[in-house]
**Q** 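Encoded as structure tokens, here's the structure I'll be asking about.
Reckoned from all heavy atoms, side chains included, excluding hydrogens, waters and symmetry mates. Below, chains carry the letters A, B, ... as their sequence lines are ordered, and counting in each starts from 1.
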Protein chains: 2
Amino acid sequence: MARAALSADAVVGIALRLVDEQGPAALTLAAVASRAGVATPSLYKHVRNLAELRALMSARILEELAERIGRAVLGRSADEAIRALMTTWRDYAVEHRHRYAALVQAPEPETAGAGEKLVDIMLAALRAYGMEESEAIHAVRCLRAAVHGFAVLETENAFQLPDQVDETYELLIHMVVTGLRTPRRA
Amino acid sequence: MARAALSADAVVGIALRLVDEQGPAALTLAAVASRAGVATPSLYKHVRNLAELRALMSARILEELAERIGRAVLGRSADEAIRALMTTWRDYAVEHRHRYAALVQAPEPETAGAGEKLVDIMLAALRAYGMEESEAIHAVRCLRAAVHGFAVLETENAFQLPDQVDETYELLIHMVVTGLRTPRRA
DNA sequence: GCCTAAAAGCTAATGACATTAGCCAGTGGT
DNA sequence: ACCACTGGCTAATGTCATTAGCTTTTAGGC
């Protein structure tokens, strides 16, 4: 009996490919085990349960997202950086719509590292706006809300008329950038 | 054998209460049937399957949201209307965080009516900005993305530090309103 | 090389779920 | 009273997640 040489990392990889191909609803331990060439209970040697598998997948997704956005933002600042960040985020979601839908938003220990990295990248992109720290945290949250909201709606076909969604995104970028540049009345 | 006098409407009501009390993961036909005092397969006399139940629930949620927002926006225009809309939307989500999480975003026949009503309300709220129709559609989408994005993140505790989220939302409102008021470079 | 312990597989079992098929009882209309 | 429809029911099926405990493989120590 040859050992399948499985690992938690390999399980996550298989799960992500499964979701990419068949959508988030196809994610079952049974399906992952079948693809891994082991019996379903064998997966418990590598992941605690289905919830942990989801969290580990989310960590991987967030790492990729942070990596992509970090690269896109490098060397840019202010409006250009925000544009690059928002564009890259959306591109990732559209390109990987199924895995993006599987992304768990609630904070988990497994996603803390990548989540922080993403926040740091966003804070860096916002640096040129000269906000003090608490204001920058607000901005990070709003940026995330806007981009993520758009991404989930787009990937769930909630906009229905697919034409001109690029134009819609330009308006969203405009709103974010303009909002950052315009002082609020005290 | 007394008839339980069930209906699709009653089933939806029971399901919503279940979700409100125990969260979206608790929604099973078995649990709904138990609360209704019937056997699980009896529910198929009233709803096609679990997916249809979710869609019908979503329709109800959207109707309530549209009703609430419609009332809040009445008699207000421009910035005040947008503020009322965004505030009411968020309040609904926070107040009903579990059912909001159960809301299906993908368009379904069951949710088309309420979805359209919501779009109409948003278009009305935007009327005072004097946009032509296609620009108004973009604005509706962005408004929805921003608000919904914030709502799902907040209700999933993705902001983690719960303090000052109100302040964050003020910034989001500011971004939306400012973005609507500032012409985009052609 | 041999032995032992740990790791990583396995099968069987359990309970929960969604759904289908077909039967039964109640109700309303003729 | 009879019949058809409606809305319940039970039984069955298949899938899933998970646990318990057994077996095989591998790695490390002597």
Side-chain angles (χ1 to χ4, degrees), chain A residues 1-60 98-99 101-104 106 108-110, chain B residues 1-60 98-99 101-104 106 108-110:
Chain A
M1 179 170 65
R3 291 290 182 180
L6 211 46
S7 67
D9 226 43
V11 173
V12 172
I14 290 164
L16 283 170
R17 278 192 292 280
L18 175 70
V19 166
D20 283 341
E21 288 169 26
Q22 300 181 24
L27 181 65
T28 64
L29 289 181
V32 173
S34 175
R35 280 183 175 228
V38 298
T40 305
S42 306
L43 293 182
Y44 292 92
K45 295 292 179 183
H46 305 282
V47 296
R48 203 166 60 242
N49 50 34
L50 185 57
E52 191 185 60
L53 179 57
R54 289 191 203 285
L56 291 170
M57 286 164 73
S58 295
R60 181 79 72 78
H98 286 164
R99 72 169 54 180
L103 181 60
V104 174
E108 298 281 349
E110 293 89 347
Chain B
M1 180 170 66
R3 291 290 180 179
L6 211 46
S7 66
D9 227 43
V11 172
V12 172
I14 290 164
L16 283 170
R17 279 193 290 281
L18 175 70
V19 166
D20 283 341
E21 288 170 25
Q22 300 184 22
L27 181 65
T28 64
L29 289 182
V32 173
S34 175
R35 283 186 172 225
V38 298
T40 306
S42 304
L43 293 183
Y44 292 93
K45 296 292 183 186
H46 306 283
V47 295
R48 203 164 62 242
N49 51 33
L50 184 57
E52 192 186 58
L53 179 57
R54 289 192 203 284
L56 291 170
M57 288 165 71
S58 295
R60 181 80 72 78
H98 286 166
R99 72 170 53 178
L103 181 59
V104 174
E108 299 282 350
E110 292 90 345

**Q** As a test of your reading of the structure, name each stem of DNA chain C as range with range, where a stem is three or more consecutive Watson-Crick or G-U pairs at under 3.5 Å.
**A**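 DNA chain C stems, ordered by first number: C:1-30 with D:1-30.
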
**Q** Between atom CG in B/Leu53 and atom P in C/dA18, what is the gap in whole Å?
**A**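 Distance check: B/Leu53 CG to C/dA18 P gives 10 Å.
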
**Q** If you assign B/Tyr44 and A/Thr40 each to the DNA chain C nucleotide with the nearest heavy atom, which residue ends up on the more 5' nucleotide?
**A** A/Thr40

**Q** Contact class for A/Ala30 vs. all strands (heavy atom < 4.0 Å): base, sugar-phosphate, or nothing?
**A** sugar-phosphate

**Q** What distance separates A/Leu53 CG from A/Tyr44 OH, expressed to the nearest 0.5 Å?
**A**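 These two atoms lie 10.0 Å from each other.
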
**Q** Determine whether A/Leu27 and A/Arg54 make a side-chain contact, defined as any pair of heavy atoms from C-beta on separated by less than 4.5 Å.
**A** yes

**Q** Expressed in angstrom and rounded to an integer, what is the separation of A/Leu29 atom CG from D/dT18 atom C1'?
**A** 9 Å

**Q** Out of curiosity, B/Ser7 OG to B/His46 NE2, how far, rounded to the nearest 0.5 Å?
**A**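 Taking OG in B/Ser7 and NE2 in B/His46, the distance rounds to 7.0 Å.
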
**Q** Distance check: side-chain N/O of A/Ser42 vs OP1/OP2 of C/dC10, anything under 4.0 Å?
**A**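 True: A/Ser42 side-chain N/O within range (under 4.0 Å) of C/dC10 OP1/OP2.
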
**Q** Is any side-chain nitrogen or oxygen of B/His46 closer than 4.0 Å to OP1 or OP2 of D/dT6?
**A**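 No, outside the criterion.
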
**Q** Out of curiosity, B/Leu6 CG to B/Leu43 CG, how far, rounded to the nearest 0.5 Å?
**A** 6.5 Å

**Q** For residues 18-41 of chain B, which residue pairs pass the side-chain hydrogen bond (donor to acceptor under 3.5 Å, both in side chains) check, not counting sequence neighbours?
**A** B/Asp20-B/Arg99, B/Glu21-B/Arg35

**Q** Tell me the interatomic distance from B/Leu50, atom CG, to D/dG14, atom C1', rounded to whole angstroms.
**A** 17 Å

**Q** Let me spell it out: for each of B/Lys45 and B/Asn49, pick the nucleotide of DNA chain C with the closest heavy atom. Which residue's pick is nearer the 5' end?
**A** B/Asn49

